[in-house]
Amino acid sequence: MRKLLPYFLFILGISNANCAQENLVIWHGLDGEIAKIFNELIDDFSKENPLIKVTAITKGNYNQTLDAFLKNPEEPDVVQIFEMGTVVMQDAKKFIPIDKVFSWDEKTAPTFIPAISSFYKGHAKHLQCVPFLASSVIMFYNKTLLDSIGATPPETFEDFEKMARKFKNQGTLLTLASGWLSGHHMDQIGAIHNIPIATKGNGIDGHNAQLVDNPFFHTHWTFLQTWYGEGLFSLKAGPEAEKAFAESEVVFLSQGANRLPILEKIVNGRFEIGVAHFPYWKSIGSAGKTIAGGSAFWVAKKHYSTQKKTALIKLLTFLADVNTQRKWQEKTGCIPVVAVPVNNQLPKSARLVQEAFSRSAPLDYNRGILLPNFPKIRDLIVAEMTSVIKGDKRASDAMLTIIDKGNVLLKEKA
């Protein structure tokens with residue numbers, strides 16, 4: 001028996017090792033109510049997998065999360081990167097492609113809807129990451145106010161201008177603000193009308209795309225300038241725009257549909273929030289599909305033990321699972337990244353954003369924007385658009401600056 005004791009202890013040691021808790025660290029850029037909902041999903045995963053501890057850490061906004069990862073790629077196991085950072089991540093080569101991750105256990109990566117997966121393949125042959133959060137622009141409005149004056153939300157920008165001036169003359173300002181200035185008034189309005197921002201399908205069809213000019217944006221931005229001068233458009237963006245909406249300083253707010261839980265919290269019942277499609281220009285044509293902004297989870301490139309590899313696959317499989325995506329959609333209004341059963345009980349915001357994202361076939365310039373250094377280019381666009389809207393610069397001159405400086409940024413590493 002004494003001779004067998006070391007053997008039993010050896011076996012016991014293996015058993016304890018196999019039952020040891022595995023730790024995974026996720027960095028993300030979620031905030032407020034949506035971060036709370038994400039943490040609830042992580043809690044669900046932990047209950048299903050008690051031997052895997054997931055620590056989800058907020059690293060600031062999406063830009064800050066990307067910067068933090070590029071500076072310290074060894075720290076997290078998984079990092080959430082927004083869609084604008086896709087090319088930056090590919091160029092940095094600090095990740096393990098998802099098909100390789102799943103091959104560790106001889107498994108196949110989850111199947112995502114083509115409109116999502118085609119973007120996150122980037123210029124590679126295979127999917128690089130696990131898409132998770134997908135949303136698109138809709139318009140929130142102060143329904144209580146509009147009902148009181150007998151108005152309905154505008155379907156087109158022509159409608160917006162007409163109704164805003166009419167009610168201004170009657171003493172009511174129906175001001176519009178946008179959560180993302182360039183995102184909504186270049187990326188999305190361009191997608192809706194299939195207007196190019198860059199060559200090669202806005203970068204999706206190949207490397208070395210170049211920014212291009214289009215008179216459509218000159219006209220659109222000049223209208224924003226006019227409306228700003230009349231008090232009908234606000235330059236407040238992001239959380240400031242949401243706060244202005246909650247305080248009835250603005251009546252219409254274009255924002256991602258997934259921001260509804262956050263808006264409901266800050267409005268706090270002061271008025272009923274209505275939802276409608278983001279307007280389009282009837283003079284240009286009917287509204288096509290919007291593009292999906294959002295984020296995906298990337299696995300950091302480093303050494304993993306066999307146990308940690310298995311834990312990573314379990315976590316990524318969970319995030320892409322139909323039940324997880326359905327719950328995420330129900331609670332946030334995001335577009336599911338995998339096929340889920342139709343749910344007619346969804347909030348109207350969730351139904352609207354899915355409708356906008358799928359209301360036309362994918363065309364050359366409404367599949368997304370896949371350009372190197374796009375976060376910096378977007379900062380440039382915002383600065384130039386702001387100058388136009390304030391009346392400090394002509395739209396045509398601003399666009400030339402965007403093209404000249406932006407095409408230089410396209411050649412630089414982030």
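As the structure is a prediction and not an experimental result, all values here were calculated from the model. All values below come from the heavy atoms of this structure, side chains included, with hydrogens, waters and symmetry mates left out.
Using a 4.5 Å cut-off on side-chain heavy atoms (C-beta onward), H184 and S254 make contact. Put simply, the side chain of L260 reaches to within 4.5 Å of the side chain of F140, judged on heavy atoms. By the 4.5 Å heavy-atom criterion applied to side chains, H277 and E355 are counted as neighbours. Within the 4.5 Å cutoff, the side chain of M385 has heavy atoms near those of the S182 side chain. Residues V25 and E75 fail the side-chain proximity criterion, which asks for heavy atoms closer than 4.5 Å. Looking only at side-chain heavy atoms (C-beta outward), L146 and F167 stay at 4.5 Å or farther from each other.
From I192, atom CD1 reaches atom CG of N366 across 9.5 Å, with rounding to the nearest 0.5 Å. For the atom pair N49 CG and T310 OG1, the distance stands at 11.0 Å (nearest 0.5 Å). The distance from the CG atom of L211 to the CG atom of D213 is 10.5 Å, given to the nearest 0.5 Å. Atoms CZ and CG, on F297 and L316 in that order, are 8.5 Å from each other to the nearest 0.5 Å. Between the OG1 atom of T332 and the CG atom of L30 there is a distance of 10.0 Å, given to the nearest 0.5 Å. One finds the CD1 atom of I26 at 9.5 Å from the CG atom of N39 (value rounded to the nearest 0.5 Å).
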Inset, instruction - Tell me, with the steps shown, if F245 and V267 meet side chain to side chain contact (heavy atoms under 4.5 Å, CB included). - result: CA-CA 8 Å; F245 176 71; V267 168; 4.3 Å; yes

Inset, instruction - Just do the salt bridge (charged side-chain N to carboxylate O under 4.0 Å, His left out) check on K327 and E40 with the steps written out, would you? - result: CA-CA 10 Å; K327 183 174 181 179; E40 289 174 4; 5.2 Å; no

Inset, instruction - Run the numbers on L319 and F38 for side chain to side chain contact (heavy atoms under 4.5 Å, CB included), then give the verdict. - result: CA-CA 10 Å; L319 292 173; F38 176 68; 4.2 Å; yes

Legend entry - Verdict with reasoning, H220 to W281, per side chain to side chain donor-acceptor pair (under 3.5 Å): CA-CA 9 Å; H220 182 67; W281 285 104; 2.8 Å; yes

Legend entry - Pair T86-F374, side chain to side chain contact (heavy atoms under 4.5 Å, CB included): steps then yes or no: CA-CA 9 Å; T86 301; F374 197 51; over 6 Å; no

Inset, instruction - Go through F157 and F278 one step at a time and tell me if the ring-ring contact (aromatic ring centres under 6.0 Å, His included) criterion holds. - result: CA-CA 9 Å; F157 279 112; F278 183 64; 5.6 Å; yes

Inset, instruction - Step by step, work out the side chain to side chain donor-acceptor pair (under 3.5 Å) result for S283 and E158. - result: CA-CA 8 Å; S283 58; E158 289 94 340; 3.1 Å; yes

Inset, instruction - Show the numbers, then the answer: is there a side chain to side chain contact (heavy atoms under 4.5 Å, CB included) between W328 and L41? - result: CA-CA 8 Å; W328 183 245; L41 294 182; 3.5 Å; yes

Inset, instruction - Run the numbers on K393 and T401 for side chain to side chain donor-acceptor pair (under 3.5 Å), then give the verdict. - result: CA-CA 11 Å; K393 200 169 190 177; T401 300; 3.2 Å; yes

Inset, instruction - With salt bridge (charged side-chain N to carboxylate O under 4.0 Å, His left out) as the test, would you mind laying out the steps for R367 and D205 before giving the verdict? - result: CA-CA 10 Å; R367 294 170 293 163; D205 294 331; 3.0 Å; yes

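Looking only at distances, a side-chain donor or acceptor of Q90 sits under 3.5 Å from a matching main-chain atom of K121. Between the side chain of R351 and the backbone N or O of L346 there is at least one donor-acceptor pair closer than 3.5 Å. Remark: the backbone N or O of T199 is not paired with any side-chain donor or acceptor of Q210 at under 3.5 angstrom. In this structure, the side chain of S360 engages the main chain of K289 through a donor-acceptor pair within 3.5 Å. No donor-acceptor distance shorter than 3.5 angstrom exists from the side chain of E22 to the backbone of I52, with no hydrogens or angles considered. The main-chain N or O of V337 is found under 3.5 Å from a side-chain atom of Q325 such that the two form a donor-acceptor pair. Distance alone, capped at 3.5 Å, is enough to place a donor-acceptor pair between the S136 side chain and the I291 backbone. Using a distance-only test at 3.5 Å, with no hydrogens or angles considered, a donor-acceptor pair links the side chain of W221 to the main chain of H185. Listed for the N169 side chain is a donor-acceptor partner under 3.5 Å among the backbone atoms of R165. K168 contributes a side-chain N or O that, together with a main-chain N or O of E230, makes up a donor-acceptor pair within less than 3.5 Å.
Between F252 and Y141, the shortest heavy-atom contact is CD2-CB, 3.5 Å. The shortest heavy-atom contact between T144 and E272 is OG1-N, 2.8 Å. Pairing each heavy atom of V388 with each of A395, the nearest pair is CG2-CA, 3.8 Å. Across all non-hydrogen atoms, the minimal contact from C129 to A296 is SG-CB, 3.5 Å. T108 and F102 make their closest contact through O-CD2, 3.8 Å (heavy atoms, listed as atom of the first residue, atom of the second, distance). Residues K94 and F69 share a closest heavy-atom pair of O-CZ, 3.4 Å.
Checked options K236, E242, M139; the residue passing with L253 is E242 (criterion: side-chain contact (heavy atoms from CB on, under 4.5 Å)). Screening N373, I369, L370 for a side-chain contact (heavy atoms from CB on, under 4.5 Å) involving V87 leaves a single residue, L370.
Checked for salt-bridge contact, D31 and R259 meet the test: a charged N lies under 4.0 Å from a carboxylate O. Under 4.0 Å is where a charged nitrogen must lie from a carboxylate oxygen, and between D99 and K125 no such pair does. Salt-bridge formation is detected for the pair D77/K302: a Lys NZ or Arg NE/NH1/NH2 atom is positioned less than 4.0 Å from an Asp or Glu carboxylate oxygen. A salt bridge between K405 and E384 is absent, with no side-chain N of the basic residue lying under 4.0 Å from a carboxylate O of the acidic one.
With 3.5 Å as the limit, one finds no donor-acceptor pair spanning the side chains of W298 and Q128.
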